[in-house]
Every structure is written in structure tokens, then in C-alpha cells.
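We count residues from 1, following the sequence as given. Every number for a ligand or one of its atoms is a count from 1 in the order of the listing.
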Amino acid sequence: MRRNRSQVWLRDLVAENRLAVEDLIWPVFVIAGDDERQPVLSMPGVERVSVDQLATDVAIAAELGILAVTLFPYTESNIKTPDAREAYNPDNLVCQAVRAVKEAHPGVGVICDVALDPYNSDGHDGLVRDGRILNDETIEVLCRQALVQAAAGCDVIAPSDMMDGRVGAIRDALDTEGYQDVSIMSYAAKYASAFYGPFRDAVGSGGVLKGDKKTYQMDPANSDEALREVGLDIEEGADMVMVKPGLLYLDVLRRVKETFDLPTFAYNVSGEYAMLKAAAANDWLDYDRVMIEALTAFKRAGANGILTYAAVEAARLLKGE
Ligand code: PBG
């Protein structure tokens, strides 16, 4: 076995998987205001940036060959309401950000999350009544949210809310309003994970979240159920699916990839990013090496692409910068 490992060129020649810049999707946090850059404390190296700054960040990513970004809004508590109406304000922060990115970099793919958590005063992805998350009422709002994002120029709608039937409803709404070309990347197998903690800080939903998301996000104990979730979303019209979180769920990713034949993405979530950063800050791990190893593991497990906060860092390393 060691003959094939004996030299660098030979190892590269026999490599079964290769991480490429084109595999990376960069999640970006957007904040209101002008000329703002705020570090996210639980995610070293990640900042929330105002819309005017966004073009600069996206330019850096595009220059490195990153094909797409996904945009998340930081929302102050004064715009969060029980009906999450800001979600479908055509001039909300995400819509402003989409327009800014598309204007400056029309060739960069823009992906938007569809879920109510940034806008809901209960911090949930759906509407809440008497402590219960409402399914069908939520879907109506999600459709309106998807439509304002599509109108702003978003290329890919990414429902991350885990309501039942939302992919089909959003597909219908998009088609009816003339957005046949807007794709859907479904967060199909999304688990109720504690690894989203730093993200909730980043978007300002952590402090307001009442309870947990276990009545709609999946139980980390399950993977047969993930196949059902993915199958349903495909039937409903998803163009691409996602497994989330990533690193702890590579077995799920592999099963999805082996069962279905459409592009499958993994979300290397905030807590996974924070773990490596924290260990590196203590000099316990070599950040660059563990980060590339982790991203390569996604490829080996079958990912067609990876949403990762390390996208720009990884792209620089891959390009030898
Ligand atoms: C919102 C959403 C979450 C993430 C992406 N979209 C958080 C959640 O469901 O609570 C998590 C991303 C991350 O942790 O990096 N629905």
C-alpha cells in the first residue's frame, strides 16, 4: 500500500477526492447601517457587515473563485414581531443585500435562507400560537418571504424552516409569480442541533428563542428519517438538498448521496467552525490543516458542495496564497 503514498505527485495522482474552490459556498452575515463591521465573538474571523461593505467582501470571494454566497440578516429585537412580518418586507435587510451583491457581482450566485427566526419575536422558524409552531400558517409567510427574495434577484431559495410541505408550496408560489428560474436548495435533513449556537448569536436570535426547535427539526438519533425528509423535498420540487449540521452527520450525507441522485450539500455549521477556531486559538490544533481535512471529509462523504464560514480561508489555501 505504501508505494502509492511514497511521493507527493503520486499521492495527488491517486487521490480519490479533491477539494476545490468551486465546492465552497460562503455564508455572510449582514447588519443594518453604513460602514459597519462587527466581529461575531463566538466565531473568530467572522464579521457582520453592512450592505455597503458587502460588495467588497463578495469581490474578495469572487476573485478567489468562490461561486456563491448565502446571506443572513442580523436583526435587532425592535423589528421582531409575533407575525414575523419583516420577513416579507420587500426592502428588508436581506433584500437590500441581494440587490447590492447582484448589482456589484451579477455572476456570483446568491442563496437566501427562508425561515422566520430572524424576524419572529419568539426566535422560532415558524409562527407560534399557544407555544405550538404552526405548520400551514407558517408556510404562507414563507412563500411571501421567498417571493420578496426572488423579486430582489436571489438565485436560490433555501428553506431552512423544516415545516412540512413548504418546498412544494414555495415552488408553486415562485412558478405562479414568474420565477420559474429561481432554484430551491432545501435544508432537507436539518437536525435540532446545539451546534447552531454561535449562528444564533450572529443573527441575534439566540437570546430571544423560547424553548427549542425539536418539534420541527430532526432528532440527532435518526437517519432513516433523513431519507424520508429528502425524498419528500425532492418530490415537492427541490433542485438541491442539504444535510445540516455537517461534520457530525457525514453518515447521513453518505446515505442521502447513495439513495438519491441530485446535488447534495452539507452545512459545516457555526459550532463546528467555532470548535476548530477555539482549539487553534489555544495552539491545540493546526487550524489550516484541520480545516482542509474537515472540508475534504465532506467531499469523501459525497458532498457536491459545502457551506462553510471557512470558505475564504480555504480558497486562499487551495490557491496557495
Ligand atoms: C435558521 C438557520 C439556522 C442555521 C441556518 N439557518 C439556525 C437554526 O435553525 O436555529 C444554522 C447555521 C449555523 O449554525 O451555522 N433557520
Side-chain angles (χ1 to χ4, degrees), residues 24-30 40-48 69-75 80 84 86-87 92-94 111-128 133 138-139 141-142 145-146 149 154 156-163 166-167 170 184-220 229 241-249 265-278 291 294-295 298 305-311:
L24 306 169
I25 296 173
W26 190 32
V28 178
F29 298 110
V30 188
V40 178
L41 297 181
S42 50
M43 301 176 74
V46 173
E47 291 176 317
R48 306 181 187 102
V69 296
T70 157
L71 303 173
F72 294 101
Y74 172 86
T75 41
K80 297 179 196 284
E86 181 68 6
N92 69 22
L93 193 53
V94 164
I111 304 171
C112 288
D113 223 58
V114 164
L116 305 184
D117 53 329
Y119 312 108
N120 183 330
S121 43
D122 290 306
H124 278 288
D125 294 11
L127 300 174
V128 186
I133 316 302
T138 296
I139 289 179
V141 184
L142 298 174
Q145 180 181 22
Q149 293 174 347
C154 171
V156 180
I157 297 294
S160 74
D161 55 283
M162 291 295 279
M163 297 301 117
R166 90 281 205 214
V167 171
I170 291 171
I184 297 181
M185 177 192 283
S186 160
Y187 286 69
K190 178 172 178 183
Y191 288 85
S193 172
F195 284 89
Y196 307 151
F199 173 95
R200 293 179 191 166
D201 287 346
V203 298
S205 70
V208 297
L209 179 62
K210 297 201 180 97
D212 58 47
K213 300 191 177 183
K214 291 180 184 171
T215 66
Y216 48 106
Q217 298 181 346
M218 285 180 56
D219 182 342
E229 282 283 8
V241 292
M242 194 199 299
V243 173
K244 174 180 177 209
L247 285 178
L248 277 77
Y249 295 81
F265 292 82
Y267 202 138
N268 178 210
V269 299
S270 57
E272 297 174 330
Y273 172 85
M275 281 198 293
L276 301 193
K277 283 286 181 184
M291 182 261 286
L295 297 177
F298 284 109
I306 308 142
L307 290 88
T308 178
Y309 302 98

TODO: Please determine if Lys214 and Asp219 form a salt bridge, counting it only when a charged side-chain N lies under 4.0 Å from a carboxylate O.
DONE: no

Task: Distance filter under 4.0 Å to Tyr309 heavy atoms, resulting ligand 1 atoms - done: 12 (C), 13 (C), 15 (O)

- [ ] For atom 2 (C) of ligand 1, find the nearest protein heavy atom and state the residue, atom name and distance (0.1 Å precision).
- [x] Lys190 NZ, 3.4 Å

Task: Candidate pair Ser193 and Lys244, rule side chain to side chain contact (heavy atoms under 4.5 Å, CB included), full reasoning - done: CA-CA 9 Å; Ser193 172; Lys244 174 180 177 209; over 6 Å; no

- [ ] Report the part of Asp161 in contact with ligand 1, treating N, CA, C, O as backbone and CB onward as side chain, heavy atoms under 4.0 Å; options are side chain, backbone, both, neither.
- [x] neither

Open item on the list: Against the six-membered ring of Tyr191, is Lys213 placed for a cation-pi contact (under 6.0 Å from the centre, within 45° of the normal)?
Closed with: no

Open item on the list: Holding to side chain to side chain contact (heavy atoms under 4.5 Å, CB included), I want the full list of residues that pass it with Leu41, two or more places apart in sequence or in another chain.
Closed with: none

Task: Per-residue contact class, Ala115 against ligand 1 - non-hydrogen pairs under 4.0 Å - done: side chain

TODO: Would you mind checking which non-hydrogen protein atom is closest to atom 6 (N) of ligand 1, with the distance to 0.1 Å?
DONE: Asp113 OD2, 3.2 Å

Open item on the list: Applying side chain to side chain contact (heavy atoms under 4.5 Å, CB included) to Lys277 and Met43, what does each step give before you reach the verdict?
Closed with: CA-CA 8 Å; Lys277 283 286 181 184; Met43 301 176 74; over 6 Å; no

Task: Shortest reach to atom 1 (C) of ligand 1 by a heavy atom, considering only Asp117, Leu116, Val114, Leu209 - done: Asp117

Task: Check ion pair Lys190-Asp161 (N to O, under 4.0 angstrom) - done: no

Open item on the list: Starting from atom 14 (O) of ligand 1, what is the nearest protein heavy atom, named by residue and atom, and what distance separates them?
Closed with: Ser270 OG, 2.7 Å

Task: Donor-acceptor contact present, side-chain Tyr216 to main-chain Asp125, <3.5 Å - done: yes

Open item on the list: Please enumerate all residues that pass side chain to side chain contact (heavy atoms under 4.5 Å, CB included) together with Phe72, with sequence neighbours excluded.
Closed with: Pro27, Phe29, Thr70, Asp113, Tyr187, Phe199, Val203, Tyr267

Open item on the list: Using heavy atoms and a 4.0 Å limit, tell me yes or no: is Tyr267 in contact with ligand 1?
Closed with: yes

TODO: Among all protein heavy atoms, pick out the one at the shortest distance from atom 8 (C) of ligand 1; state its residue, atom name and that distance to 0.1 Å.
DONE: Lys213 NZ, 3.3 Å

Open item on the list: I'd like to check which ligand 1 atoms, numbered from 1 as shown, lie under 4.0 Å from a non-hydrogen atom of Arg200.
Closed with: 8 (C), 10 (O)

Task: N/O donor-acceptor pair under 3.5 Å between Glu229 side chain and Ala189 backbone - done: no

Task: Whether Lys244 lies under 4.0 Å from ligand 1, heavy atom - done: yes

Open item on the list: With heavy-atom distances below 4.0 Å as the criterion, list the atoms of ligand 1 near Asp125.
Closed with: 9 (O), 16 (N)

Task: Closest protein heavy atom (residue, atom, distance) for atom 12 (C) of ligand 1 - done: Phe199 CD1, 3.3 Å

